[in-house]
Amino acid sequence: MYQIKNRIYLGFDKTQKSGICNYLRALVKQNLGKTCSEIMDKFLDDEKYYLEQKASRFPFLENIIDDRAFLNDTESYIKECIKYYEYKEKQRPIIEANKEFEKRKRKFLQEVKMSKEKPTKKQLYYYNRLCKKYSIERKDTENLSKLDLRDEIERILNEHSNDYKIID
């Protein structure tokens, strides 16, 4: 996709080329189910309409919108955008799997880190309050890690979660 940008719209300056390429890419993304010719027709119809209304975001197209070189460049770019989005769609499952793997990896590394740290004062306070509230015998927290205490707090909350349920 990036290589084609160097071969098209050679008569445009950098801003014009960037503007039209971004617009075409967004147009292709919005109309993924359509063919290249349908997207091209939509683009040309819209631009001709806005040029007639003197409200086009691309006023520099007024003299070249029907030029064969412009139409060929536009068609090439639209085809390349369609290929790009189709490829991206095919890659989606792999990308999602990688994201899920990275998420699990971060969680595992966080737990490893927590297993080596001492519990915070807030954690200790919360654990003590829970034990007092539910009349549970406290464990010795000297040798517990952050992870152990978190799991213990979670266990207590799960055990006594029935106390909070509303029964109809």
Side-chain angles (χ1 to χ4, degrees), residues 1-10 12-40 42-43 46 57-58 73-168:
M1 176 126 120
Y2 301 105
Q3 293 173 349
I4 196 166
K5 283 185 179 180
N6 295 330
R7 295 184 306 219
I8 60 172
Y9 306 130
L10 299 176
F12 293 178
D13 66 27
K14 190 176 179 180
T15 308
Q16 292 171 335
K17 188 176 191 176
S18 173
I20 201 157
C21 286
N22 289 338
Y23 179 77
L24 286 170
R25 192 171 59 245
L27 187 65
V28 169
K29 190 174 184 178
Q30 289 172 354
N31 299 291
L32 277 179
K34 296 185 178 178
T35 64
C36 177
S37 59
E38 290 173 329
I39 296 170
M40 179 84 157
K42 181 172 175 34
F43 169 70
D46 289 350
R57 66 180 75 170
F58 307 117
D73 288 349
T74 304
E75 187 176 350
S76 311
Y77 190 70
I78 289 173
K79 284 180 182 176
E80 199 66 29
C81 287
I82 290 171
K83 283 183 199 173
Y84 172 78
Y85 284 117
E86 285 174 351
Y87 175 76
K88 201 170 181 182
E89 192 61 35
K90 288 178 185 175
Q91 295 297 315
R92 181 176 300 224
I94 296 167
I95 292 168
E96 293 298 322
N98 282 342
K99 283 182 184 178
E100 186 60 35
F101 172 76
E102 290 297 323
K103 187 177 177 182
R104 286 195 313 265
K105 185 170 112 179
R106 282 191 303 274
K107 185 176 182 180
F108 172 76
L109 291 175
Q110 181 184 22
E111 287 183 354
V112 167
K113 182 180 175 187
M114 284 176 71
S115 70
K116 296 177 183 178
E117 294 177 342
K118 290 190 171 199
T120 63
K121 289 180 182 179
K122 285 183 179 182
Q123 256 186 326
L124 291 168
Y125 176 77
Y126 188 57
Y127 174 70
N128 290 332
R129 297 294 288 179
L130 283 174
C131 289
K132 186 176 179 183
K133 180 177 181 177
Y134 295 116
S135 303
I136 298 171
E137 187 177 327
R138 291 184 194 126
K139 291 184 178 178
D140 181 26
T141 57
E142 281 294 317
N143 299 329
L144 294 179
S145 67
K146 241 184 191 183
L147 180 66
D148 297 332
L149 198 57
R150 183 199 72 184
D151 293 342
E152 185 62 26
I153 290 170
E154 214 171 89
R155 184 190 63 77
I156 293 170
L157 290 174
N158 287 337
E159 252 179 45
H160 299 313
S161 65
N162 291 338
D163 298 346
Y164 299 109
K165 290 186 179 174
I166 298 173
I167 301 171
D168 291 328

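Because the structure is predicted, anything quoted here is derived from the model rather than measured.
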- E86/K90 ion pair, N-O < 4.0 Å: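 No, E86 and K90 are not salt-bridged.
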
- State plainly whether the residues R150 and E111 are in salt-bridge range, i.e. N to O under 4.0 Å. yes

- Please assess R106 against L109 for the test side-chain contact (heavy atoms from CB on, under 4.5 Å), listing each intermediate value before the final yes or no. CA-CA 5 Å; R106 282 191 303 274; L109 291 175; 5.8 Å; no

Please round to the nearest 0.5 Å and tell me the distance separating atom [atom1] of [X] and atom [atom2] of [Y].
X    : Y    : atom1 : atom2 : value
L32  : I82  : CG    : CD1   : 8.0 Å
L27  : K34  : CG    : NZ    : 8.5 Å
C21  : K5   : SG    : NZ    : 5.5 Å
D148 : K139 : CG    : NZ    : 8.5 Å
I39  : L24  : CD1   : CG    : 9.5 Å
K107 : R104 : NZ    : CZ    : 10.5 Å

- Message: Take a 6.0 Å sphere around CD of E142 and say whether it holds more than 12 heavy atoms from other residues, nucleotides or ligands.
- Response: no

- Heavy-atom neighbours of Y23 OH exceed 12 at 6.0 Å: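 Enclosed: over 12 neighbouring heavy atoms sit under 6.0 Å from OH of Y23.
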
Could you check whether any side-chain N or O of [X] sits under 3.5 Å from a backbone N or O of [Y], counting only pairs where one atom can act as donor and the other as acceptor?
X    : Y    : value
E117 : M114 : no
K17  : I8   : yes
Q123 : K146 : yes

I'd like to check [X] versus [Y] (side-chain heavy atoms, cut-off strictly below 4.5 Å). Are they in contact?
X    : Y    : value
R155 : E159 : yes
N31  : E38  : no
F12  : D73  : no
E80  : Q3   : no
E137 : C131 : no
K29  : Y85  : yes

- Message: Set out, in order, the CA-CA distance, both residues' side-chain angles and the distance that settles side-chain contact (heavy atoms from CB on, under 4.5 Å) for L157 and L130, then state yes or no.
- Response: CA-CA 8 Å; L157 290 174; L130 283 174; 3.9 Å; yes

Heavy atoms only: give me the nearest [X]-[Y] pair and the separation to one decimal.
X    : Y    : value
H160 : Y134 : CD2-CG, 3.2 Å
N6   : L10  : O-CD2, 3.5 Å
L144 : P119 : O-CD, 3.2 Å

- Task: May I have the step-by-step check of salt bridge (charged side-chain N to carboxylate O under 4.0 Å, His left out) for E96 and R92, ending in yes or no?
- Result: CA-CA 6 Å; E96 293 298 322; R92 181 176 300 224; 5.7 Å; no

- Task: Could you tell me if the ring centre of Y77 sits under 6.0 Å from that of Y9?
- Result: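 Ring centres of Y9 and Y77 not closer than 6.0 Å.
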
- Message: As a quick check of understanding, evaluate side-chain contact (heavy atoms from CB on, under 4.5 Å) for R129 and Y125, giving each step before the final call.
- Response: CA-CA 6 Å; R129 297 294 288 179; Y125 176 77; 3.7 Å; yes

- Task: Give the intermediate values and the outcome of side-chain contact (heavy atoms from CB on, under 4.5 Å) for residues F43 and I20.
- Result: CA-CA 11 Å; F43 169 70; I20 201 157; 4.0 Å; yes

- Item | E102/K99 under salt bridge (charged side-chain N to carboxylate O under 4.0 Å, His left out): CA gap, chis, key distance, verdict | CA-CA 5 Å; E102 290 297 323; K99 283 182 184 178; over 6 Å; no

